Asks: 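I have a structure I would like to understand better, so I am pasting it below and will then ask my questions one at a time.
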Amino acid sequence: MSDIKVTLPDGSTKVLKDGATVYDLAASIGAGLAKAAIAGKVNGVLVDLTAPLYDGAKVEIVTEKSPEALEIIRHSTSHLMAQAVQSLFPKAKVTIGPAIENGFYYDFDVDTPFSPEDLNKIEAKMAELAKTGFRIERQILSKADAIRLFTDLGESYKVEIIEDLDVDSISVYRQGDFLDLCRGPHLPSTAWCKAFKLTSIAGAYWRGDETRKMLQRIYGTAFADKKELDAYLERLEEAKRRDHRKLGRELDLFSFSDEVGAGFAIWHPKGAMLRTILEDFERKEHVKRGYDIVVGPQILKTELWQRSGHYDNYRENMYFTEVDEQSFGVKPMNCLSHMMIYKSQLRSYRDLPLRFFELGTVHRHERAGVLHGLLRVRCFTQDDAHILCTPDQLDSEIKGVISFVSDVMKIFGFEYEMELSTRPEKSIGSDEDWERATNALLGALKDTGRPFDINEGDGAFYGPKIDIKLRDCLDRKWQCATIQCDFTLPERFDLTFVDANGERKRPVMVHRVILGSIERFIGVLIEHYAGNFPSWLSPVQAMVLTVTDNQLSYAQKVFDELRGAGVRVQRDFRNEKLSYKVREAQLQKIPYMLVIGDKEMESGTVTPRYRDGHNLEAMQPADFIAFIEEEVKNFR
Ligand SMILES: [Zn+2]
Ligand SMILES: [Zn+2]
């Protein structure tokens, strides 16, 4: 038998006996590595520890610490769950059980839906099976044998999957008496499933097909160790505590109503104030950066949507109505009015760039199933702008937008990541257009000095784009800003400008949003701050409270003075116990409480108390006003 030579990630080589496996390689490097190894990566492909190596292969040993480990652990835990389910519910048929972001699921065909108690039982059974430490073994079968095997087991879904596969042989994985069709790789034994938790049950159609049977899906999560699992579960709990739908109700910001219709938010006074603060902030920041505020109508003639291409490409997401026998489309985007403004006069290169900004309310049809609080609605307001510029101005315009995004993210305390999506196979526009726009986006990204990702071929057919995803304090990613170059609309609407030589040229069009949807952004903000908005954003910045009726007239004077100066203030002069009134204000997460007692009344002062319980020095009401103004000015 001849030897084989393999290369390790550090470039060194190892000579092994022919037929040696990934495990043998790990063992030849060291006993510690052999013990820690859970899988291998051969020429970039993940394989089982028992996979044989071949001459010339580039091999990496995967341990629990490797970035690839989590997916293997989660997928193996989904098999463990299926094994537990079948041992407890022998009639349950198995379907598929992939690893997903944050965990895994497995879909089962069972007669009775699983109950929460079932989940506990299944989890306990999983722990027992893990402890037994079944070896997880791969076996290769011919397609025909595999079909026979799963037919005998009564696993009709597996048979259906195999029949659809265009292959001759099929791999199955066995642990104890449980068998599953699978490509792998898997952990070497169930003993490696050390930290898992089943999280929820849901109905799911087989292959997403609503005409097929509804299956029972069990979601779970798994990690390499208990500590990581606990940290994750703690984050989940924290996310539940911060859920914007729950806080939105408790803080009386907004509501949804069946009588109104799904996906349409109703803004209560405090929520509407929060929106107004954000919108005022946006207007100011845009005007500062050379944008012109514009306003377009809510519905536009259907012919215009036909011309823009929305009718052909986006009709399913649009709402239509009729006025005087004329069909109108409710706008899903704000671009069209902005182009009509551009076209309202002859434009010279000296007029450019033009930056039209609109807090544009749009309607987009979303399936009822995907609606989710403020994060996914059917009516929302975008902080939308369209920049029309000469091709030469594109570079500096894109840079301007990116620095705008960076300034705004800093104010809210968000980290963010940027991605560039380039030309897809099917696209319109000249090579030159694409190159110029892509380079403008790329140059601006490089200029930031921050890392960014490139999604090759992922741009829209009408132009490349940058997507910016913010990270909240629970490390969740949210799409907010996008910067999109567009070659179609200027063409379709025949937008032109007169250049220095008196010739008509096409301007470049950039669609961009900074916060994206105001609704969505507020949902994210509520969860990010857990409802504890900084003063500048708080719908109510201060609450004036009386200790007894004795201070009524002074308290009213303080309230009037603050409100007159523009502080967002409320009062609680009820004849209730002070501790009760303080607690209510705290639950409302109001930043400052001004308790007015005899001491304050006599000295003509207020003693602000921050919502975390610490007191500021006693001060004149005018000084408190100045203090709040300073906080607002500095976005605190
Ligand atoms: Zn599998
Ligand atoms: Zn647009």
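In this text, all values refer to a predicted model and were calculated from it rather than measured experimentally. First listed ligand is number 1; within each ligand, the first listed atom is number 1. Side chains are part of it too, since the values below use all heavy atoms of this structure and drop only hydrogens, waters and symmetry mates.
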Asks: Restricting to N, O or S, what is the name of the atom of H511 that lies nearest the Zn ion (ligand 2)?
Replies: ND1

Asks: Verify the ring-centre separation between F521 and F380: is it less than 6.0 angstrom?
Replies: no

Asks: Output the atom name for the N/O/S atom of H79 with the smallest distance to the Zn ion (ligand 1).
Replies: NE2

Asks: Taking just the N, O or S atoms of H386, which one is nearest to the Zn ion (ligand 2)?
Replies: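 In H386, the heteroatom (N, O or S) nearest the Zn ion (ligand 2) is NE2.
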
Asks: Under the criterion salt bridge (charged side-chain N to carboxylate O under 4.0 Å, His left out), I'd like the reasoning laid out for R506 against D433: C-alpha separation, chi angles, the key distance, then a yes or no.
Replies: CA-CA 11 Å; R506 282 255 181 271; D433 281 346; over 6 Å; no

Asks: Do you see an N/O/S atom of C335, backbone or side chain, under 2.8 Å from the Zn ion (ligand 2)?
Replies: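 Short answer: yes, at least one N, O or S atom is under the cut-off.
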
Asks: Would you please say whether a donor-acceptor pair under 3.5 Å links the side chains of D392 and Y349?
Replies: no

Asks: Assess the side chains of K93 and S156: does a donor N or O sit below 3.5 Å from an acceptor N or O?
Replies: yes

